[in-house]
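Report on the structure given below.
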Number of protein chains: 2
Amino acid sequence: MVKTGTLPAKDVRSAILTEATRLFKENGVDGISMRQIADAIGYSATTIYLHFTDKNHLMYAVCEAGFAEFGESLGAAASSTSDPLEQLRAVGRAYVEFGLTHPLHYDVMFIRPRAWAIGRLVDEIEGADRPEPESFVALITLVAVAMKSGALRSSDPREAAAILWSGMHGVVSLSISLGDQIDAFEPDEVRRRAATITEAILTELG
Amino acid sequence: MVKTGTLPAKDVRSAILTEATRLFKENGVDGISMRQIADAIGYSATTIYLHFTDKNHLMYAVCEAGFAEFGESLGAAASSTSDPLEQLRAVGRAYVEFGLTHPLHYDVMFIRPRAWAIGRLVDEIEGADRPEPESFVALITLVAVAMKSGALRSSDPREAAAILWSGMHGVVSLSISLGDQIDAFEPDEVRRRAATITEAILTELG
DNA sequence: TCACTCTACTTAACAGTGTTAAGTAGATCA
DNA sequence: TGATCTACTTAACACTGTTAAGTAGAGTGA
């Protein structure tokens with residue numbers, strides 16, 4: 001028997017996306033099942049496969065806007081000033097802020113990175129050389145500029161970028177992973193801590 | 001029908017542990033199934049439940065030695081010198097070294113912390129206030145000593161400890177989570193990077 | 001109007017997961 | 001001999017992602 005007007009058929013895809021997004025926000029990627037989504041919109045689980053090739057593709061679609069926001073937010077931070085060191089500070093702040101406001105996106109990107117999250121969809125990259133995440137490349141470039149301008153003394157932008165990234169990631173990921181088990185990771189503490197580490201690193205490399 | 005001499009019955013528990021440990025080293029916690037372990041030792045899956053109350057308890061038993069090694073290694077590092085700053089450096093190196101040599105243990109402890117890994121077994125702590133991980137408490141103490149000795153100027157040992165931890169965790173966890181996707185996280189690079197961040201932080205807080 | 005095809009959906013099933021309930025073969029003991 | 005206890009088994013439950021096959025209904029051409 002075919003669906004009797006529960007939904008205008010054309011909107012099924014977006015109904016799936018809406019519900020999957022809601023469940024993602026509540027429980028994260030691993031807290032969602034295809035049947036759960038299907039039940040919530042009044043369709044069978046297999047219907048989802050008529051609109052998304054598999055769960056990975058669906059989750060990518062759910063997270064896509066968040067991923068874009070990540071890139072845009074870091075880009076805006078880099079553009080917010082022309083002072084190389086200030087750019088690095090602003091990008092660091094934006095990175096941390098994204099992690100604090102989008103912990104579930106941060107998780108799929110950097111804590112337990114899924115293939116579909118870190119380098120486009122699996123089937124789009126299979127066979128191809130795994131490209132470095134754009135944002136890491138962008139950070140390297142930013143650091144290189146800071147070095148050429150004399151604001152940083154070290155001469156290995158890739159290494160300096162990795163150090164800055166590690167510092168921010170440490171603060172954010174510890175807060176996301178252990179925040180509800182140890183009360184030393186409140187958002188404001190995380191921001192302050194990240195700023196301290198950023199200054200420490202910039203001083204050390206400067 | 002009862003088992004016919006495949007194993008001296010008394011050794012079943014240790015056979016489970018041996019095989020579970022082997023599979024853990026190969027695939028990590030989530031790459032093991034109870035049936036897989038059972039098949040490997042020639043028993044049915046339910047037999048495992050005669051020796052371990054559930055998968056969590058089994059995994060805890062598998063990881064127990066590694067957890068102990070973590071504590072001992074950090075303790076030894078702290079005892080290796082009496083100079084407060086040197087102690088912090090040594091503990092940092094030991095922490096990073098543990099992560100590099102026991103990535104799967106590090107994962108269950110700090111990257112996607114499981115209840116059974118971070119604060120004893122679930123049923124041992126239920127109801128009780130979740131205690132802070134011993135090693136974090138130990139680090140705070142170490143930092144407090146450094147402050148009293150005047151080696152560090154800042155006056156918040158808890159915050160300073162969190163910063164040091166964040167720094168080390170960032171380097172280690174990024175290496176474990178993304179090491180095989182980005183080739184900027186070779187072990188020696190990780191060690192060097194951790195040392196750089198440690199110096200940066202100690203200088204900033206000094 | 002009849003038959004065909006195409007679309008959008010369905011149910012049933014597969015292979016896997018952790019876990020529990022119930023059954024059984026063999027040894028031990030009164 | 002008969003009862004009990006131990007150590008194991010098979011069958012099952014409720015889940016997971018995913019695929020194969022079936023079906024109701026609309027649209028189309030003769």
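None of the values given here were measured: they were computed from a predicted structure.
Rounded to whole Å, atom C1' of C:dC9 lies 12 Å from atom CD1 of A:I16. Atoms CG (B:D30) and P (C:dT17) sit 12 Å apart, rounded to a whole Å. The CG-C1' distance, from B:D39 to C:dG16, rounds to 12 Å in whole Å. Between the C1' atom of C:dT10 and the CG atom of A:L50 lies a distance of 10 Å, rounded to the nearest Å. Atom C1' of nucleotide C:dT17 and atom CD1 of B:I48 are separated by 13 Å, given to the nearest angstrom. Taking atom CZ of B:F52 as the reference point, atom C1' of D:dC8 lies 16 Å away to the nearest angstrom.
Partners of A:V145 by side chain to side chain contact (heavy atoms under 4.5 Å, CB included), not counting sequence neighbours: none found. With sequence neighbours excluded, no residue forms a side chain to side chain contact (heavy atoms under 4.5 Å, CB included) with B:D39. With sequence neighbours excluded, the residues forming a side chain to side chain contact (heavy atoms under 4.5 Å, CB included) with B:S177 are A:P113, B:I111, listed by chain and number. Taking the ring-ring contact (aromatic ring centres under 6.0 Å, His included) definition, one finds that A:F52 meets it with nothing, sequence neighbours left out. For A:A77, the side chain to side chain contact (heavy atoms under 4.5 Å, CB included) criterion is met by A:A90, A:V91, A:A94, not counting sequence neighbours.
Every pair passing salt bridge (charged side-chain N to carboxylate O under 4.0 Å, His left out) that includes a residue from residues 82-92 of chain B is listed here, sequence neighbours excluded: B:E86-B:R89, B:R89-B:E199. Here side-chain hydrogen bond (donor to acceptor under 3.5 Å, both in side chains) pairs that include residues 61-77 of chain A, with residues two or more places apart or in two chains, are A:E69-A:H102.
Within the 6.0 Å centre-distance limit, the rings of A:Y106 and A:H169 are counted as a close aromatic pair.
Across D:dC8, D:dT10, C:dC9, the shortest atom-to-atom separation from the side chain of B:S44 is found for D:dT10.
Two end axes, each from the C1' atoms of five base pairs, can be drawn for the helix from C:dT1-D:dA30 to C:dA30-D:dT1; they diverge by 50°, to 10 degrees.
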## Note on the structure
Going 5' to 3' through nucleotides 11-21 of chain D and flagging B where a protein heavy-atom sits under 4.0 Å of the base, S where only the sugar-phosphate is that close, and - otherwise, we get BB---BBBBB-
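In this structure, B:Y43 does not reach the D:dT9 phosphate: none of its side-chain N or O atoms is under 4.0 Å from OP1 or OP2.
Across every non-hydrogen atom of B:I176 and B:G99, the tightest pair is CD1-O, 3.6 Å.
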